[in-house]
Amino acid sequence: MLARWINYARQMGPAWIVSAVACGPATLASVAIAGSTFGYELLWVVILSAVFGTTAQYLAARIGILEGRGIISAATARLGKAWGWILAVDAVLATYLAAMVLMNALVGVTGLITGLSSPWWGLAYAVVLSVLLMRGGYRWFENLCKVLVIGIVACFVVTALRAPLDPGAMLAGLLPSLPGGTASALMAAAIMGGAVHITIIGMHTYNTNARGWGVGDLPLARFDTVVSMGLAFGLYSLAIFLVGAAVLHPAGIKVRLAGDVARALGPLLGPGAVAVFLAGLWAATFSTIMPTYLAAAFFIFDKAGLAPDRDDRRFKLVLIGGVLLSAVGPFIKGGFFLLLPVMLALGLCGTPIIIGVILYLLNQRRFYGERVNGWGLNILGFITLAITTLLATRFVLSKLGVM
């Protein structure tokens with residue numbers, strides 16, 4: 001058993017790509033704001049986001065492996081062109097919205113670091129990102145960003161371990177409850193949207209194909225997903241949330257700006273807390289925005305019936321088009337740290353469609369024979385669908401003033 005796990009650890013990879021995207025600035029902002037605002041009350045959402053994120057990504061991996069193609073072409077072939085269009089439009093809109101808000105955040109953090117705040121930073125970044133996407137060879141820079149992000153996560157973990165956690169309040173926070181108000185609806189939807197988002201669910205069906213995984217790799221895909229989303233993403237979101245709930249909330253500090261979160265790291269990092277935090281936030285944003293452009297291009301090419309090839313001129317044009325579109329993001333009004341949770345909440349609203357389609361397909365014996373979902377995975381899948389739909393609907397109704 002141990003030897004098999006070691007072998008799996010050597011081969012895993014695709015789920016870590018989506019985990020890296022999930023462990024981005026939007027999740028950081030969402031859990032930090034939720035913890036500082038509501039204390040431990042939304043702890044159950046943070047825990048379930050890791051559980052449901054793992055479930056959704058494993059379901060996506062199963063579709064990618066069993067179909068040998070992406071979710072959009074699979075839906076088109078199995079359910080008809082209409083469903084292919086619905087998924088494609090849903091995924092592309094959510095992904096480009098994410099790219100614009102992430103560019104807004106990238107420019108915002110740059111302004112904080114340099115002291116020169118201007119939306120025109122977006123054009124400079126558009127040039128840099130286009131060159132990196134066209135030429136490739138930026139893996140070393142991605143690795144540097146990941147090192148910075150890991151460093152920041154380590155700081156939050158240490159701070160959470162040193163914080164005066166309230167065991168009673170934590171236990172109470174594990175019981176599902178929804179504080180009233182629009183802010184609560186937004187934060188619950190945003191936290192869940194960080195892990196259960198149509199962009200990363202759809203992207204994962206392509207990642208498993210790019211890796212060349214077959215039916216025999218399904219156990220590896222499960223291991224890959226549990227370790228990356230269940231453990232790594234779960235630790236990331238939980239540590240930041242607990243710091244917000246245990247350090248910022250008791251002090252009456254409600255996170256509204258990026259610097260507010262850095263204050264929680266002050267006792268650990270001293271005067272350099274803000275600088276270190278901003279460097280990590282910048283790295284998290286930069287490393288998250290790159291796969292977002294690729295995901296959108298995958299969706300568009302898949303709908304067009306074309307094989308995604310990064311050397312294809314048309315694929316490169318789609319990538320550049322996505323980068324240029326995201327350059328509009330910095331001109332969106334509002335502080336970037338508060339826009340990030342809104343982006344995740346909106347993305348969650350489009351997620352039940354893809355989960356529903358995947359669950360339907362994976363229960364059709366006429367397609368997959370004995371490899372359809374087992375009852376345990378179906379239970380988790382349908383609970384994931386139910387809770388994400390509930391939180392998305394609650395968010396929409398709260399924005400409409402119905403509740």
With respect to Thr225, which candidate in Thr55, Thr54, Leu59 satisfies the side-chain contact (heavy atoms from CB on, under 4.5 Å) definition? Thr54
Is the shortest side-chain heavy-atom distance between Trp85 and Asp90 below 4.5 Å? no
Using modelled atom types and a 3.5 Å cut-off, is there a donor and acceptor pairing between side-chain atoms of Thr205 and backbone atoms of Gly70? no
So, for Ala273 and Ala262, which heavy atoms are closest and what is the spacing to 0.1 Å? CB-O, 3.7 Å
Review item, side-chain donor-acceptor pairs of residues 154-174, under 3.5 Å, at least two apart:
unit_1: Thr159; atom_1: OG1; unit_2: Cys155; atom_2: O; d: 2.8
unit_1: Asp166; atom_1: OD1; unit_2: Gly168; atom_2: N; d: 3.1
unit_1: Asp166; atom_1: OD1; unit_2: Ala169; atom_2: N; d: 3.2

Spacing of CE belonging to Met103 relative to CZ belonging to Phe336, to within rounding of 0.5 Å: 14.0 Å
Treating Thr37 as the side-chain partner and Ala34 as the backbone partner, does any N or O pair qualify as donor plus acceptor under 3.5 Å? no
Heavy atoms only: give me the nearest Phe241-Gly39 pair and the separation to one decimal. CZ-O, 3.3 Å
Closer than 3.5 angstrom, by distance alone: can the side chain of Thr27 be matched with the main-chain N or O of Gly24 as a donor-acceptor pair? no
Working to the nearest 0.5 angstrom, can you tell me the gap between Phe52 CZ and Leu391 CG? 8.5 Å
Before you tell me yes or no, could you show the steps for Phe301 and Asp312 under side chain to side chain contact (heavy atoms under 4.5 Å, CB included), namely the whole-Å CA-CA distance, both residues' side-chain angles and the distance that decides it to 0.1 Å? CA-CA 11 Å; Phe301 257 56; Asp312 188 321; 4.1 Å; yes
Please step through side chain to side chain contact (heavy atoms under 4.5 Å, CB included) for the pair Val196 and Ile355, ending with a clear verdict. CA-CA 9 Å; Val196 189; Ile355 296 178; 3.5 Å; yes
Just by distance, do the side chain of Trp44 and the backbone of Ser177 share a donor-acceptor pair under 3.5 Å? yes
Does Ser73 reach the main-chain N or O of Arg69 with its side chain, forming a donor-acceptor pair under 3.5 Å? no
Output for pair (Trp213 CH2, Asn209 CG), nearest 0.5 Å, gives 11.5 Å
Taking the side chain as C-beta and beyond, is there a heavy-atom pair between Tyr236 and Val31 under 4.5 Å? no
In terms of the angle between their ring planes, are Phe286 and Trp282 parallel, tilted or perpendicular, with boundaries placed at 30° and 60°? parallel
Any donor-acceptor pair under 3.5 Å linking the side chain of Asp260 with the backbone of Arg256? yes
Show, in sequence, the C-alpha distance, side-chain angles and deciding distance for Arg78 and Glu67, and conclude whether the salt bridge (Lys or Arg N to Asp or Glu O under 4.0 Å) test is met. CA-CA 10 Å; Arg78 302 296 193 185; Glu67 285 284 347; 2.8 Å; yes
Test item: Leu324 and Ile320 side chains (from C-beta on) under 4.5 Å apart, heavy atoms: yes
Approximate separation, where rounding is to 0.5 Å, of Thr76 OG1 and Leu79 CG: 8.5 Å
Quick one: do Ile354 and Ile358 satisfy side chain to side chain contact (heavy atoms under 4.5 Å, CB included)? Show the steps, please. CA-CA 6 Å; Ile354 192 171; Ile358 289 176; 4.0 Å; yes
Nearest 0.5 Å please: distance from the CG atom of Leu346 over to the NZ atom of Lys399. 8.5 Å
Heavy-atom side-chain proximity of Trp121 to Thr114 below 4.5 angstrom: yes
Test side-chain contact (heavy atoms from CB on, under 4.5 Å) applied to Asn207 and Val18, Ile200, Asp224, Leu294, the passing residue: Val18
What do the steps show when you test Tyr206 against Ile72 for side chain to side chain contact (heavy atoms under 4.5 Å, CB included), and what is the final call? CA-CA 10 Å; Tyr206 302 94; Ile72 293 176; 3.8 Å; yes
Report yes if some heavy atom in the side chain of Leu281 is under 4.5 Å from a heavy atom in the side chain of Ile152; otherwise report no. no
Side-chain donor/acceptor of Asp302 to backbone N/O of Phe299, under 3.5 Å: no
Compare all side-chain heavy atoms of Val274 with those of Leu269 and state whether any distance is below 4.5 angstrom. no
Ala345 to Leu186 - nearest heavy-atom pair and separation: CB-CD1, 3.7 Å
Could you check whether any side-chain N or O of Thr95 sits under 3.5 Å from a backbone N or O of Ala91, counting only pairs where one atom can act as donor and the other as acceptor? yes
Donor-acceptor pair, side chain of Ser287 and main chain of Ala284, under 3.5 angstrom: yes
Minimum heavy-atom separation for Ile201 and Ala56, please, with both atom names. CD1-CB, 3.8 Å
Does the side chain of Val372 reach to within under 4.5 Å of the side chain of Gln364, using non-hydrogen atoms? no
Taking the side chain as everything from C-beta on, heavy atoms only, tell me whether Phe223 gets closer than 4.5 Å to Asp217. no
Tell me if a side-chain donor or acceptor on Asn373 pairs with a main-chain N or O of Asn363 at a distance below 3.5 Å. no
Measure centre to centre between the rings of Phe331 and Trp120, then say whether the value is under 6.0 Å. yes
When rounded to the nearest 0.5 angstrom, what is the spacing between CE in Met192 and CG in Leu42? 10.0 Å
State, without any angle test, whether Ser326 and Tyr293 hold a side-chain donor-acceptor pair at a distance under 3.5 Å. yes
Assess the residue pair Thr110 and Tyr125 against the criterion (side-chain hydrogen bond (donor to acceptor under 3.5 Å, both in side chains)); give the C-alpha distance rounded to whole Å, side-chain angles, the decisive distance to 0.1 Å, and a yes or no. CA-CA 10 Å; Thr110 302; Tyr125 275 120; 2.6 Å; yes
Identify the heavy atoms of Gln57 and Ala195 that sit nearest to each other, and give their distance. NE2-O, 4.1 Å
Indicate the atoms forming the closest heavy-atom contact of Ala60 with His204, along with that distance. CB-CB, 4.0 Å
Can you name the one residue among Val21, Ile289, Leu339 that meets side-chain contact (heavy atoms from CB on, under 4.5 Å) with Leu102? Ile289
